[in-house]
Amino acid sequence: MHDLRGNRQFADRTFRWAAAGAATLVLLILGLIAITITRRSAPVLREMGTHFFTTTRWSPADRLFGALPFIWGTAFTALIALLIAVPVSLGMALFMTQVAPPRLKKPMVYLMDLLAGVPSVVFGLWGVLVLSQHFNLGRSFLTAGIILAVMIIPIIASLSREVIETTPPGDKEGALALGATRWEMICAAVFPHSAGGLVGAVMLGLGRAMGETIAAALVIGSSLGQITANPWASGNSMPAVIANEWGEADELHKSALIALALTLFVITIAVNLIATGIVQRSMKRARGL
Amino acid sequence: MSGLEATVSASEGAPPDLRAKRSWRGVKSGTMTWLMMASVVCVALPLFAVLWAVLGRGFEIAFHGFPAFFVKEIPTVARRAGPGMGPAILGTLLVTGAATIIAVPVGVLGAVYLHEYGVNNRFARLVRFMSTVMSGVPSIVMGLFIYVVWTLRFGYSAFGGSLALACLMLPVVLGSTEQMLRLVPHHLREASYALGTSKSRTILTVVLPAALPGIVSGSLLAVARAAGETAPLLFAVGAANEFNPHLFEQANTALSIQIFGNATSSFVAAQDRAWGAALTLVLLTFVITLMARAFTAHVARRR
Amino acid sequence: MRTRSTSSFALASVGAFLLLALLALLAPPYATAAGVSLNGSGSTLSKPYQEVAIEEFKKLNKGSTINYGGGGSGKGRQDLADMVVDFAGSDSPYKEADLAKVKGGEVLYFPILLGPITVSFNIPGVDSLQLSPGSIAQIFQRDIKKWNDKAIVADNPGAKLPDLDIVVAHRADGSGTTQNFTEYLNAAAKGLWKLKSGSTVEWPSDTQAGQGNGGVAQIVKSTKGAIGYVDLSDAKASGLKYARIKNLAGKFVEPTAAAASAAGDGIDIKGNLLFSALNAKGVKSYPLTCQTWVVVYAKQKDHAKGEALKAYLKFLVQDGQKLLGEIDYAPLPKALQERAAKQLDKLKVP
């Protein structure tokens with residue numbers, strides 16, 4: 001009889017190695033990204049040292065690269081986006097979970113998922129051809145913030161909804177039984193329970209807002225970037241600078257843009273990791289694990 | 001709660017007018033409910049405004065003289081009115097299709113390793129962590145990476161774009177597939193082992209088919225996101241105006257690239273085409289998302 | 001246990017069918033180009049000409065594919081230096097320092113057109129405006145912040161200018177238009193213009209930037225009180241109003257193709273066909289006339305591509321020049337056309 005065991009073991013082991021290889025690929029790619037980006041940032045960081053992050057002037061012609069205005073721009077537009085998006089998304093999530101009749105909820109969830117799929121470039125197109133022109137907002141931190149807000153609302157709203165839905169019904173009913181109004185019940189039962197998860201959802205939205213390139217690049221106004229708290233001013237953000245100046249950049253300039261990408265990379269990763277950690281811990285606690 | 005305190009303090013003195021307190025609390029709750037409804041409107045308005053603009057401004061050019069817009073070449077002269085966006089649609093399908101063919105098998109296999117073989121060993125936990133990190137990489141960083149590693153060496157091509165998109169899709173496919181594998185009941189595997197089937201055979205013939213609709217759904221969502229990406233493609237695909245069915249040679253174009261390029265054009269004709277392309281892209285993403293939802297519903301019904 | 005949900009699968013199959021149908025629709029026009037493919041990028045000033053030229057050229061040479069991506073003169077020069085494109089459109093030559101980084105050796109400059117750069121504005125209620133180089137310089141560096149400033153009023157005797165804030169629009173990307181505009185201000189507003197010249201300039205921070213000539217045009221069109229520099233073709237396409245500018249002879253001239261041609265007469269052309277049409281002499285000359293070149297490597301690597309490039313360049317500098325009139329550009333002076341055609345001999349094809 002043919003010894004099938006040998007063949008089978010070989011096939012089995014090959015499959016296992018293939019699967020392990022696929023998993024390793026994730027590490028390899030990420031490692032390659034990190035190495036490539038860091039290596040290419042080296043020239044400008046060697047030339048400017050930590051001043052790269054603190055100088056406010058960005059002048060490729062003078063070989064002077066200060067990233068601070070763009071870091072500020074990224075942070076400021078993200079902040080504006082959050083200020084607009086968070087109350088609205090939370091309100092929407094609360095409505096979907098606490099107020100809406102069940103028949104209304106399902107299509108709303110469906111709609112939210114569909115809208116989350118609209119590509120960011122379409123939002124950018126709308127922003128530059130409709131929003132900018134009709135409302136005479138021009139190109140500014142505010143316009144970019146509004147577009148980013150519209151983009152991250154579906155993310156924050158659907159994640160918040162998922163978190164809020166893990167509130168134990170017992171807590172909610174207990175509060176209502178004690179005579180609480182709907183809002184009081186939300187404050188007493190829903191918020192304390194979901195606080196962590198909601199923060200996580202907001203931070204994931206923040207991560208997305210900071211990394212968004214195209215929509216922001218079209219409407220932010222991209223002057224050389226200024227550090228100002230005036231939302232009507234025009235400014236610049238890290239991804240927008242990279243997209244705008246890449247084409248004509250020479251070696252050192254490209255290195256500076258890649259260093260900006262590295263900065264953006266590190267900041268967004270940090271925000272995303274913290275957010276994911278918070279959401280996961282909150283969900284685990286909710287399930288009583 | 002104030003109502004409760006009022007009740008408690010009532011036992012100590014003159015009975016308070018709970019009705020007054022209740023109506024204030026009621027007003028507060030009612031106001032908050034109205035605010036929640038207002039926020040739904042605030043969300044719905046701009047999102048519908050965007051879709052309305054896309055539909056309104058893109059419908060005419062996209063469907064007038066169907067299927068002209070989808071098959072004709074992009075006019076070389078930007079100021080000339082009229083269709084089409086054929087090369088961009090082909091480009092999007094090519095680039096996204098190739099990315100899917102790369103990302104899905106790798107992602108599924110990787111998830112198989114994580115759930116069936118590695119489970120919770122150190123390597124598996126590292127891969128899971130890194131996958132989360134990778135899902136947070138901004139798409140422009142991915143684009144720069146591909147430019148340095150691929151475009152500088154091989155020039156602009158559709159394949160460079162596919163690589164960039166595959167890197168963006170991989171963590172998503174990995175994560176959602178692992179979730180689906182977790183949902184496959186363990187007794188299915190055990191029954192298979194009891195019959196003497198090897199582990200790999202079990203995975204291929206029992207586990208994966210059981211998880212298939214969920215895997216398809218997760219992958220489709222990744223595809224939908226990839227189809228709309230712009231930044232990575234700008235650094236890898238180039239800007240051609242003609243049909244280029246070759247994956248590896250020559251610059252190509254895609255719907256997202258065209259929308260971005262035409263958004264800043266002074267010529268209304270070019271802007272019109274951008275809206276048409278936006279409508280096409282949105283329809284494409286919607287169809288894919290709906291298909292994904294159909295598969296999810298199938299999974300839910302089965303359980 | 002395992003029930004097939006017919007409706008969800010039906011939905012899924014309909015979706016798959018639609019996608020396949022789309023793919024099938026696209027199948028017929030796969031006419032694979034039998035010819036060569038050329039890629040170029042760079043100046044958005046010359047993009048309108050490149051577009052009509054490519055269209056005409058393709059009619060005469062079936063099977064050839066030429067793509068011109070735009071992206072700004074800076075991008076074009078960088079792409080050519082990196083050898084990612086076959087030809088670059090640039091409104092200004094390589095800087096000395098950058099020539100060393102060019103990978104493919106010596107480059108040749110082929111001038112292709114003269115184009116007026118307008119100073120476009122958006123002032124409600126004001127249809128015409130005159131500006132002197134000094135005022136322009138002061139406006140763009142934000143020394144003058146309002147439209148009813150005395151310098152502008154001095155340029156426009158009798159006109160009623162509102163008390164409106166000026167919004168300055170400029171380029172976000174590396175641009176030959178920016179370079180020519182700032183070089184003009186350097187020469188014509190000597191002493192007043194402080195920001196120097198280059199394809200990217202350190203504009204004051206309270207200004208707005210757009211991508212490409214089109215982006216700047218969009219800002220001017222949609223912002224009250226805006227002013228920006230846009231090439232004539234894009235300005236006209238966007239329906240913008242533009243100013244008459246005081247030229248070297250002291251006359252206020254409107255940007256037209258004819259005025260650009262007038263600026264082209266009598267310019268000083270060097271051996272390598274580099275020249276500047278800015279701030280030209282002559283009563284009818286438009287002072288902000290810009291020139292642009294197609295830059296290629298003298299030594300071509302590929303035979304088919306080299307020949308195609310030669311043919312396209314020949315078209316651009318000779319037969320294509322008649323297309324310039326209807327897109328509001330000025331053709332090169334006849335003598336320059338001939339010199340450019342002769343320079344084609346320097347293009348070595350293996």
Side-chain angles (χ1 to χ4, degrees), chain A residues 8 11-12 15-16 18-20 22-23 25-27 29-30 33 36-37 40 87-88 91-92 94-95 99 113-115 117-126 128-130 150 153 157 178-184 188 207 211 213-214 218 239 242-243 258 261 264-265 268-269 272-273 276, chain B residues 1 3-4 25-26 28-29 32-33 35-37 39-40 42-43 46-47 50 53-54 106 109-110 112-114 117-118 126-127 130-134 136-141 144-145 148-149 167 170-171 174 198-200 224 228 230-231 256 259-260 263-264 271 274 278 281-282 285-286 289:
Chain A
R8 227 203 295 159
D12 209 42
F15 184 76
R16 185 202 171 107
L25 211 57
V26 174
L27 297 179
I29 297 178
L30 195 61
I33 297 177
T36 318
I37 303 276
R40 291 275 173 152
V88 169
M92 174 128 193
L94 284 173
F95 182 82
V99 180
D113 285 339
L114 273 184
L115 294 170
V118 175
S120 57
V121 68
V122 175
F123 282 115
L125 180 71
W126 178 75
V128 82
L129 289 183
V130 176
V150 172
I153 283 172
L178 285 170
T181 60
R182 183 189 282 132
W183 177 244
E184 287 166 348
T213 311
I214 298 303
L218 285 172
I242 300 173
I258 297 187
L264 184 65
F265 186 27
T268 10
I269 298 295
N272 271 311
L273 284 179
T276 318
Chain B
M1 282 166 273
L4 209 55
R25 287 162 50 214
K28 200 158 112 174
S29 181
M32 294 315 272
T33 309
L35 279 179
M36 287 183 232
M37 289 199 262
S39 43
V40 174
C42 279
V43 168
L47 290 173
V50 174
V54 169
V106 176
L109 262 183
V112 161
Y113 177 81
L114 285 183
Y117 291 103
L126 181 67
V127 172
M130 286 304 170
S131 176
T132 317
V133 171
M134 201 163 150
V137 175
S139 54
I140 189 167
V141 174
L144 287 181
F145 167 64
V148 170
V149 161
C167 291
L170 186 58
L174 193 74
S198 67
K199 188 159 185 178
S200 57
T230 320
S256 44
I259 298 172
F260 182 59
T264 49
Q271 291 176 2
L281 190 58
V282 166
T285 347
F286 273 16
T289 314

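Since we're looking at a predicted model, the values are computed, not measured. First the proteins, then the strands, lettered A, B, ... as listed; each starts at 1.
Ranked by heavy-atom pairs under 4.5 Å with chain A, the first of B:V149, B:I259, B:L170 is B:I259. Of the listed residues (B:V43, B:V282, B:T33), the greatest number of heavy-atom pairs within a distance under 4.5 Å of chain A belongs to B:V43. Among A:M92, A:R182, A:R16, the residue with the largest count of heavy-atom pairs under 4.5 Å with chain B is A:R16. Among B:A274, B:G136, B:G118, the residue with the largest count of heavy-atom pairs under 4.5 Å with chain A is B:G136. Listed options A:A243, A:A20, A:P239, A:G124 were ranked by heavy-atom pairs under 4.5 angstrom with chain B; first place goes to A:A20. Ranked by non-hydrogen atom pairs under 4.5 Å with chain A, the options B:I140, B:V106, B:T230 are led by B:I140. Ranked by heavy-atom pairs shorter than 4.5 Å toward chain B, the options A:V122, A:L25, A:N272 are led by A:V122. Comparing B:G110, B:A224, B:C42, B:C167 by how many heavy-atom pairs each has under 4.5 Å with chain A, the most go to B:G110.
The nearest pair of heavy atoms linking B:L109 to A:A22 is CB-CB, 3.6 Å. Taking every heavy atom of both residues into account, B:V127 and A:A23 meet most closely at CG1-O, 3.7 Å. A:G179 approaches B:R25 most closely through the heavy-atom pair O-NH2, 2.7 Å. Residues A:V128 and B:A263 come closest through the heavy atom pair CG1-O, 3.8 Å. Considering every non-hydrogen atom in both B:S39 and A:P87, the closest pair reads CB-O, 4.4 Å.
Only the side chain of A:I153 comes within less than 4.5 Å of a heavy atom of chain B; its backbone N, CA, C and O stay farther away. Using a 4.5 Å cut-off between heavy atoms, B:A231 touches chain A through backbone and side chain atoms alike. Only the side chain of A:V99 comes within less than 4.5 Å of a heavy atom of chain B; its backbone N, CA, C and O stay farther away. For B:S198, the parts lying under 4.5 angstrom from a heavy atom of chain A are both the backbone and the side chain. With a threshold of 4.5 angstrom between heavy atoms, A:V118 approaches chain B through side-chain atoms but not through N, CA, C or O. Within the 4.5 angstrom heavy-atom criterion, atoms from both the backbone and the side chain of B:S256 approach chain A. Only the side chain of B:L144 comes within less than 4.5 Å of a heavy atom in chain A; its backbone stays farther off. With a 4.5 angstrom heavy-atom cutoff, B:L126 touches chain A via backbone and side-chain atoms both. For a residue to count as touching a neighbouring chain, one of its non-hydrogen atoms must lie under 4.5 Å from one of that chain's; by this rule A:L27 touches chain B with the side chain only.
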>> Test side-chain contact (heavy atoms from CB on, under 4.5 Å) on B:V141 and A:I37; report intermediate values, then the result.
In response: CA-CA 8 Å; B:V141 174; A:I37 303 276; 4.0 Å; yes
>> Working note: B:V54 + A:W126, criterion side-chain contact (heavy atoms from CB on, under 4.5 Å); need CA distance, chi angles, decisive distance, verdict.
In response: CA-CA 8 Å; B:V54 169; A:W126 178 75; over 6 Å; no
>> Between B:Y117 and A:F15, does the side-chain contact (heavy atoms from CB on, under 4.5 Å) criterion hold? Intermediate values first, please.
In response: CA-CA 11 Å; B:Y117 291 103; A:F15 184 76; 3.3 Å; yes
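Going from atom OG of B:S29 over to atom CD of A:E184 covers 7.0 Å, rounded to the nearest 0.5 Å. Rounded to the nearest 0.5 Å, atoms CG (A:L125) and CG (B:L281) are 10.5 Å apart. One finds the OG atom of B:S131 at 9.0 Å from the CG atom of A:L30 (value rounded to the nearest 0.5 Å). The distance from atom CZ of B:F145 to atom CD1 of A:I258, rounded to the nearest 0.5 Å, is 11.5 Å. With rounding to the nearest 0.5 angstrom, the NZ atom of B:K28 is 8.0 Å from the OG1 atom of A:T181.
In this structure the side chain of B:T285 reaches within 4.5 angstrom of the side chain of A:P119, judged on heavy atoms. Two residues are said to be in side-chain contact when any heavy atoms from C-beta on lie closer than 4.5 Å; A:L129 and B:Q271 meet this criterion. Considering only heavy atoms from C-beta on, B:V137 stays 4.5 Å or farther from A:T268 through its side chain. When side chains are defined from C-beta on, B:M36 counts as touching A:W183, because their heavy atoms get closer than 4.5 Å. Side-chain atoms of A:F123 and B:V50, non-hydrogen and from C-beta on, do get closer than 4.5 Å to each other.
Residues forming a ring pair (Phe, Tyr, Trp, His ring centres under 6.0 Å) with B:Y113 (at least two apart in sequence, or on another chain): B:F123.
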